[in-house]
Amino acid sequence: MPEILEVERYRALAEQALDRPVARVWMIDARYGRGGTTPPRLRAALLGRTFEAARRRGKLLLLDVKDGPTLGVRFGMTGGLVVDGREALDRLRYGPGVFDDKWVRARVAFTDGGSVLVHDPRRFGSLQLAPDEERLGPDALSLTRSQLRGAVATVPARTYAAVAPLKARLMDQERVAGIGNLLADEILWRAGLDPERRTPLTEEELVGLHRSVRATLRQLARRGGSHTGELMEERHPSGRCPLDGAALRRDTVGGRTTFWCPAHQH
DNA sequence: ATTGTGGCCTGCCCGC
DNA sequence: TGCGGGCAGGCCACAA
């Protein structure tokens with residue numbers, strides 16, 4: 001799960017790990033590193049230094065290291081952050097919902113006795129020193145209308161290339177950073193737009209989609225996360241649209257399981 | 001260049 | 001009761 005709302009909570013928690021000298025580094029799972037980030041390199045990058053800022057772009061957590069390379073943390077589907085024994089979330093929807101030492105993939109201990117660790121049962125997350133932040137599109141939490149217009153624009157580079165479905169464009173992290181499968185379904189449902197839509201949006205539809213992005217993120221953040229949308233309880237084979245009662249359709253769009261209402265999403 | 005597909009990885013849940 | 005298979009999905013490699 002962790003989508004942008006959850007990673008933002010991780011980021012806020014990570015601020016408690018700032019300005020504390022690193023005493024020890026364990027990268028318990030060597031395969032957790034990506035892009036050449038190995039246990040020795042991670043250790044060399046962090047030992048004796050401090051984190052000086054906790055930033056986020058989309059679902060990527062960025063921990064700036066004073067006089068060192070930024071550490072990027074991706075949480076995949078079941079990743080969580082724990083600082084001084086405190087978790088940012090009570091439970092991850094697709095995780096087992098419990099903490100187990102065997103799922104700790106990396107741990108950093110500070111000289112003051114505290115620590116920060118990454119917990120990830122499914123191991124879809126990763127650590128990467130100096131990740132390429134610029135590959136990510138504009139952050140969904142501060143997305144402007146014109147940024148969204150550019151992100152969902154339908155301009156195939158070649159005539160033989162099909163236009164990707166609207167949902168796939170919305171979930172493409174290079175177009176907009178931070179929207180995952182659950183949020184995408186909720187946003188499109190609220191906007192009344194067909195996830196498979198490939199024709200250009202009218203200006204009115206674009207404005208509606210932008211409002212939906214902002215309202216959905218704001219509201220679900222207040223409620224406690226990506227899984228608190230209206231559509232969530234109906235994400236099963238016999239689910240019904242909370243708006244009009246129509247039977248929801250379950251399709252694969254952009255390679256992802258998609259629930260949507262054929263009665264009001266066009 | 002862009003879009004589409006399969007695979008990674010583990011736990012859960014269903015049906016036999 | 002136990003077991004196999006399908007499923008969940010963020011992200012990447014690779015194919016088209």
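On a predicted model such as this, the values are computed, not experimentally measured, just so you know. Below, read A as the first sequence line, B as the second, and so on, with proteins coming before strands; counting in each chain starts at 1.
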*Find the distance K167(A):NZ to dG9(C):C1' and express it as a whole number of Å.*
10 Å

*With a 4.0 Å cut-off on heavy atoms, is R198(A) in touch with a base, just the backbone sugar-phosphate, or nothing at all?*
sugar-phosphate

*Do NZ/NE/NH1/NH2 and the carboxylate oxygens of K59(A) and E6(A) come within less than 4.0 Å?*
no

*Examine the side chains of Q265(A) and R249(A) and answer whether a donor and an acceptor come within less than 3.5 Å of each other.*
no

_Lys/Arg-Asp/Glu bridge criterion (N-O < 4.0 Å) met for E134(A), R57(A)_ = yes

*With a non-hydrogen cut-off below 4.0 angstrom, is R169(A) in contact with a base, only sugar-phosphate, or nothing?*
nothing

*Of the listed nucleotides dC7(C), dG10(C), dT10(B), the one nearest the side chain of R250(A)*: dC7(C)

*Rounded to the nearest angstrom, tell me the gap between atom CZ in R122(A) and atom P in dG11(B).*
9 Å

*Sugar-phosphate, base or nothing in reach of T257(A), heavy atoms under 4.0 Å*: sugar-phosphate

_Distance in angstrom units between D100(A) CG and dG11(B) C1', rounded_ = 12 Å

*Measure from CD on E174(A) to C1' on dT2(B) and round the result to the nearest Å.*
10 Å

*Decide, yes or no, whether a salt bridge links R135(A) with E174(A) under the criterion of side-chain N to carboxylate O below 4.0 Å.*
yes

_Under a 4.0 Å threshold between the charged nitrogen and the carboxylate oxygen, would D120(A) count as salt-bridged to R105(A)?_
no

*Relative to each other, are the rings of H119(A) and F99(A) parallel, tilted or perpendicular (30° and 60° limits)?*
parallel

*Within less than 4.0 Å of OP1 or OP2 of dT2(B), is there a side-chain N or O belonging to R175(A)?*
no

*How about R197(A) and T199(A): does a side-chain donor come under 3.5 Å of a side-chain acceptor?*
yes

Pick out the pairs of N or O atoms, protein on one side and nucleotides 11-13 of chain C on the other, that lie under 3.5 Å.
residue	atom	partner	partner atom	Å
dC11(C)	OP2	K59(A)	NZ	3.4
dC11(C)	O3'	R34(A)	NH1	2.8
dC11(C)	N4	R256(A)	NH2	2.4
dC12(C)	OP1	R34(A)	NH1	3.1
dC12(C)	OP1	R34(A)	NH2	2.3

*In whole angstroms, how far is the P atom of dG7(B) from the CZ atom of R123(A)?*
18 Å

*Measure the distance from CG on D185(A) to P on dG9(C) and round it to the nearest whole Å.*
9 Å

_Distance in angstrom units between M77(A) CE and dC12(B) C1', rounded_ = 11 Å

_Counting only side-chain nitrogens and oxygens, does W103(A) get under 4.0 Å of the OP1 or OP2 atom of dC9(B)?_
no

_Euclidean distance, atom CG of residue L170(A) to atom P of dT3(B) [Å, nearest integer]_ = 14 Å

